[in-house]
Amino acid sequence: MRWTRSFIHTLRQDPADAEVVSHRLMVRAGMISKLAAGIYNYLPLGLRSIAKLERIIREELEAAGSTELLMPAVQPAELWQESKRWYQYGPELLRIKDRHDRDFCFGPTHEEVITDIVRKEVRSYRQLPVNLYQIQTKFRDEIRPRFGLMRGREFIMKDAYSFHADAADLDVAYRAMEAAYRRIFERCGLDYTTVEADTGNIGGSESHEFMVLAGTGEDAIMSCPCGYGANVEKAATGEITPAPSWPREIPRKPQPVPTPGQKSVEDVAAFLGLHPAHFVKTMIFETEEELVAVLIRGDREINEVKLKNLLGCDHLSLASAEKIEKVTGGPQGFSGPVGLEGARVVADATVMALPVAATGANAADTHLVGVVPGRDFQPATVADVNLAAAGDPCPRCGEPMAEKRGIEVGHIFKLGTKYSIPMRCTFLDAEGNEQPCIMGCYGLGVGRTVAAAVEQNHDGKGIVWPLPLAPYEVVLVMLNADKPEVVEVAERLYGQLRDAGVDVLFDDRQERPGVKFNDMDLIGFPLRIVVGKRGVDNGEIELSLRRDGERRSAPLDGALTAVRETLAGLRAELG
RNA sequence: CGGGGCGUAGCUCAGCCUGGUAGAGCGCACGGUUCGGGACCGUGAGGCCGGUGGUUCAAGUCCACUCGCCCCGACCA
């Protein structure tokens, strides 16, 4: 492709509305442009990177036994009512009406549609398993779209769904898809990790996320050199370091002490000469049906996702000051478990491990010191609702874990029968019994993966594309485009490269060298070839890699060979 | 949904406080000089100052409403 025939428009200045690197650089490089909040145009350069990723995805999924289909973006409400998600999804689901006033939605995901497709066809266990995927535009009306393609409202996603006669067969497909995902991200040249994940709203038994590691990632993940990795929402820990020993005597019963105006654990601890870990922090949550007092050690935080799963509720939030006062009898900031009767008490294991503690007294400006868990209060439930933090011991090997940030680019689930039962997607087994299909689903954010690649591969000048995702692998830069001898050489070389099947963009613009070089650095083509008057006079061209910028000359008549060798070298690095 | 900010030329922004003929840089067009790391000189085109309604002799500027966009938050007792 010739630059002058393509549609490539770089920006000299950063767009005012772009915050993160990938968004900024992709807009500046002319790969995407914004149409509305969270909705982007994929311009020719951007689309090429997307298409390259899609090709890799297709190859690996087909190899893993999945078959492509394409489902409608617009879906009838009836299906979503069958699965009950029509009522569970909030405003994130874009609902629309047709001219007959019938309800539809723009699909944020396709479990309902695929289940409908499969239930209409599958009758017998002999027809299973089924494994289908699509690459398609989805829409989720996010509360706050941001970060360009990283978190748009409209986005391209690969989603796959599998249907099985039993859990063992689902496991086979799950492992195959997991392996396919690994190959996909490896082939893209991305540094990634997998983590155990919470199954969230989609539900199911087992789930893994694929995270591209980048300091700017939205998700916190805990990882251990031993190989354990988990989303912080799900992460377990080994035994947490015990609190320092109690610096005074343990009374026979809790002693109230005045703590005027001291609400936060840190403040009260300092005020009383104790360590935050000596405290039981009591937080009152409310769900759709009850109030719950949750106890956590004072130096720890509550993991609300764990808590939500434990309570099995749909809604979870901190209770208002009024409700706290009503249920505890004391103001916010002075709650404690001793004598608390208005709410179910859930204690984290770290609390029960405390030999003695300080807590709120459920009375204004008062705390209790010398509270012995199990003696002075008895929680209804003891569970792990602790939020893992950097340095906590790994649940598998006990070594300290690190907290890293990642960009979630893939998420696979064992769904089980969450959709097949309500939607009656069933088959007859070998004994003639009707059984629900066991399902898996497998998502991969296409645009987000490309954005993550930029997030992970850039420098001060622009993008540094990994070869497999670069919009073009090679850019041929013609300098001195007003010199006929240069034009002749450049045109001939471009023809050779094109005929040889090299993925090349020919910068045939009449621009000053500085402008061209800066554009190339900004867009980040892996291999740059420069043809200019200086080189032509010497019978040479210049090659350089974007990632190191080192230039080397090659004889003009050996140019094609040099390009091929360089590309072969880059491919070999990817394995 | 709450809080904050911003909407002025294709892009990045000034002008608004203190009302009085619409600005800069970049980009674009033309001419000239330059030409291997975002050149220089000259000339020029380009704006219902997001929209609506007020106040006023007069509104980009003040007021109200509205739409759009961005940021923070929507949890830590």
Side-chain angles (χ1 to χ4, degrees), chain A residues 9-20 23-24 27-28 30 33-39 90-92 141 143-148 259 261-269 276 279-286 293-305 307-308 315-321 323-325 327-328 330-337 348 359-362 364 367 385-387 389 461-462 477-483 486 509-522 528 530-538 540-542 544 549 551 553:
Chain A
H9 299 98
T10 58
L11 265 44
R12 286 201 178 198
Q13 283 157 309
D14 284 335
D17 56 7
E19 183 82 351
V20 297
H23 184 197
R24 222 179 65 224
V27 171
R28 277 195 62 199
S33 65
K34 187 172 71 186
L35 183 60
I39 302 179
E92 192 177 289
D141 202 353
I143 301 171
R144 183 145 90 89
R146 52 188 138 182
F147 306 154
T259 51
Q262 312 277 326
K263 283 188 175 186
S264 77
V265 166
E266 285 72 25
D267 292 347
V268 183
F279 281 75
V280 172
K281 190 156 71 181
T282 304
M283 301 184 47
I284 312 295
F285 286 88
E286 85 183 294
V294 183
L295 313 181
I296 186 85
R297 206 171 82 182
D299 61 334
R300 308 293 307 191
E301 304 296 342
I302 289 171
N303 182 328
E304 286 197 22
V305 174
L307 179 60
K308 200 171 167 187
H315 167 80
L316 180 72
S317 62
L318 288 168
S320 65
K323 285 185 177 160
I324 290 172
E325 193 138 0
V327 77
T328 68
Q332 175 182 337
F334 298 94
S335 302
D348 184 71
T359 74
N362 296 325
H367 279 76
V385 291
N386 174 55
L387 184 70
K461 292 176 173 175
V477 183
M478 174 169 64
L479 302 182
N480 319 109
D482 54 334
K483 299 275 189 299
V486 174
R509 292 175 299 168
Q510 302 238 16
E511 275 291 352
R512 302 174 59 79
V515 171
K516 292 191 169 212
F517 289 141
N518 280 301
D519 277 343
M520 300 314 136
D521 290 342
L522 174 61
R528 187 183 79 184
V530 176
V531 175
K533 179 155 189 338
R534 190 199 287 170
V536 168
D537 288 345
N538 298 326
E540 287 179 337
I541 57 154
E542 176 191 285
S544 62
R551 303 172 196 182
S553 299

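Order of the sequence lines sets the chain letters (A, B, ...), proteins ahead of strands, with each chain counted from 1.
- Of all nucleotides listed (B:rA74, B:rG36, B:rA77), B:rA74 comes nearest to the side chain of A:Ile143.
- Put simply, the side chain of A:Arg28 and the base of B:rG38 share a donor and an acceptor less than 3.5 Å apart.
- Listed for the A:Lys281 side chain is no donor-acceptor partner under 3.5 Å among the backbone atoms of A:Ser264.
- Close to B:rC71, at under 4.0 Å from its OP1 or OP2, lies no side-chain N or O of A:Arg146.
- Phosphate proximity of B:rG38 to A:Lys461: absent, as no side-chain N or O sits under 4.0 Å from OP1 or OP2.
- For A:Arg551 against B:rG37, a side-chain-to-base donor-acceptor contact under 3.5 Å is present.
- If A:Met283 and A:Pro145 are placed on RNA chain B by their nearest nucleotide, the residue sitting closer to the 5' end is A:Pro145.
- Rounded to whole Å, atom C1' of B:rG37 lies 11 Å from atom CG of A:Asp519.
- Considering only the side chain of A:Leu318, B:rA77 comes nearest among B:rG36, B:rA77, B:rU12.
- Side-chain atoms of A:Arg512 lie closest to B:rC35 of the nucleotides B:rG37, B:rC35, B:rC76.
- For the pair A:Asp482 CG and B:rG32 P, the interatomic distance rounds to 14 Å; values are reported in whole Å.
- Under the Watson-Crick or G-U wobble criterion, with both distances below 3.5 Å, B:rA39 is paired with B:rU33.
- The distance from atom CG of A:Leu11 to atom C1' of B:rC13 is 14 Å, rounded to the nearest whole Å.
- Pair assignment for B:rA74: none, as no Watson-Crick or G-U wobble contacts are both less than 3.5 Å.
- Applying the Watson-Crick and G-U wobble criteria (two distances, each under 3.5 Å), B:rC62 pairs with B:rG54.
- At a threshold of 4.0 angstrom between heavy atoms, the contacts of A:Ser264 are confined to the sugar-phosphate backbone, with no base atom among them.
- The pairing partner recorded for B:rC13 is B:rG23, the criterion being a Watson-Crick or G-U wobble arrangement whose two distances lie under 3.5 angstrom.
- Residue order along RNA chain B, read from the 5' end via each residue's closest nucleotide, puts A:Glu19 first among A:Glu304 and A:Glu19.
- In the set B:rC71, B:rG36, B:rG38, the nucleotide with an atom closest to the side chain of A:Asn518 is B:rG38.
- Closest to the A:Glu542 side chain, of the nucleotides B:rG36, B:rC69, B:rG38, is B:rG36.
- Residue A:Arg528 has its side chain nearest to B:rG37 when only B:rG37, B:rG38, B:rA77 are considered.
- In this structure, A:Ile302 places its CD1 atom 13 Å from P of B:rC75, rounding to the nearest Å.
- Listed nucleotides: B:rC76, B:rG36, B:rC71. Nearest to the side chain of A:Lys281: B:rC76.
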